[in-house]
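This chain uses plain numbering: 1 for the first residue, then up along the sequence. When a ligand or atom number is given, it counts from 1 through the structure's own listing order. Quick caveat: nothing in here was measured; it's all calculated off a predicted structure.
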Amino acid sequence: MLCCCWVPLPCHCTYKISVSTFPSKIHKTTAFMDAGGSDSNGREYKTADEMWKEQTGDPNKKTLWYRQGVSYWEGVNATVDGVLGGYADVNEPDITCSDDFLKIILSERFNADAKTQPLVALDCGSGIGRVTKNLLIRHFNEVDLLEPVSHFLEAARETLTSGEYTNSDMHKAVNFYCVPLQDFTPDVGRYDVIWIQWCIGHLTDDDFITFFKRAKVGLKPGGLFVLKENIARSGFVLDNEDRSVTRSDPYFRELFSRCGLHVYKSKDQKGFPQDLFAVKMYALTTEAPKKTHRTRSKTQSNRPRTIVY
Ligand code: SAH
């Protein structure tokens, strides 16, 4: 069942890659964007370019690609099981892991301002508002939702405005945008965090890049993106049914660099069934990480320490 691509496409990957193994940027461009991939019917593609050209190479094909993506989700029930491809059980470990990741980011980057300025998040491809309801609304004063499938967005609106989850004026869902990512431009400087989970695979590489470039204006100074996605073992996997692509970690990192984004922090999802795609979270900033000049004291540098492999 291909809705599974969002979480569970069977894939025997316990994918791990050490950052230090990444080749140079020029090498990356050649090696990763040109890495081959396959589709859900087992067809092989020599390069991502070949696949994109075939699937979205002219305006009609591209329109069809996006229309079929949305149509797919229009046929899915507005339930947690629906948006998780029949794997409702992953909801809990997903939220727990995201919570840990978000808490660290918030404490590192927003602590000082939190009391004086309301924290605002955008939940992209929000579906029925699962991530907002279980995670974002607890940490942010205002959350906006963006979702192209109207019966999902209406379900989110119903849940989030019923009072049960937003019973305080301090934590509320504010705007509900029924728009796809490729057509969205946020209000300037509104968001501390733009959260994008399990939906970026619907965007072509070109639209991925233009979306992030446009969306940067929506961040407050110091704000960041969090992208949480399935990760292919290598290259990419095209899902013919819902019109989405699962990219590898090097593929994502190449796209981030083309967007002018820097990986501030990343973390692997833990506790999912083994037969699912690996899942990773990336916190992305527009500013380059500060270079730390380490000046270790003599006592520190001579201290015995454990070697970590
Ligand atoms: N992020 C939610 C929903 C995941 S399901 C969650 O984790 O619970 C994937 C979602 O992506 C669906 O709601 C689907 O409608 C949405 N989607 C599909 N195409 C999209 C597009 N072009 N832009 C934004 N969202 C899209």
- Query: Given the rule that I, L, V, M, F, W and Y join up when any side-chain heavy atoms are under 4.5 Å apart, are Phe212 and Val217 in one cluster?
  - Reply: no
- With heavy atoms and a 4.0 Å threshold, my read on which part of Trp198 contacts ligand 1 is both
- Item | Pair Trp73-His202, side-chain donor/acceptor within less than 3.5 Å | yes
- Message: I'd like to check whether Gln182 has a polar contact with ligand 1, where a contact means an N/O of the residue lying under 3.5 Å from an N/O of the ligand.
- Response: yes
- Does a side chain donor of either Gln55 or Lys62 reach within less than 3.5 Å of an acceptor in the other side chain? no
- Query: For Asp144, which residues count as a side chain to side chain donor-acceptor pair (under 3.5 Å) partner, sequence neighbours excluded?
  - Reply: Asn175, Arg190, Tyr191
- Numbering the atoms of ligand 1 from 1, which are under 4.0 Å from a heavy atom of Gly125? 1 (N), 2 (C), 3 (C), 10 (C), 25 (N)
- Looking only at heavy atoms, is any part of Pro148 under 4.0 Å from ligand 1, and if so is it the side chain, the backbone, or both, or is it neither? side chain
- Item | Residues in side chain to side chain donor-acceptor pair (under 3.5 Å) contact with Glu154, at least two apart in sequence or another chain | Arg157
- Min N/O separation Val149 to ligand 1 under 3.5 Å: no
- Take every heavy atom of Gly69, measure it against each atom of ligand 1, and state whether any distance is under 4.0 Å. no
- Task: Verify the neighbour count for atom NZ of Lys61: are there more than 12 heavy atoms of other residues, nucleotides or ligands below 6.0 Å?
- Result: yes
- Query: Does any N or O atom in Gln197 lie less than 3.5 angstrom from one in ligand 1, N or O only?
  - Reply: yes
- Message: Would Arg130 count as a polar contact of ligand 1, with the cut-off being nitrogen or oxygen pairs under 3.5 Å?
- Response: yes
- Query: Any nitrogen or oxygen of Glu147, main chain or side chain, under 3.5 Å from a nitrogen or oxygen of ligand 1?
  - Reply: yes
- Query: Could Arg258 and Phe208 be counted as a cation-pi pair, given that NZ or CZ must be under 6.0 Å from the ring centre and within 45° of the axis?
  - Reply: no
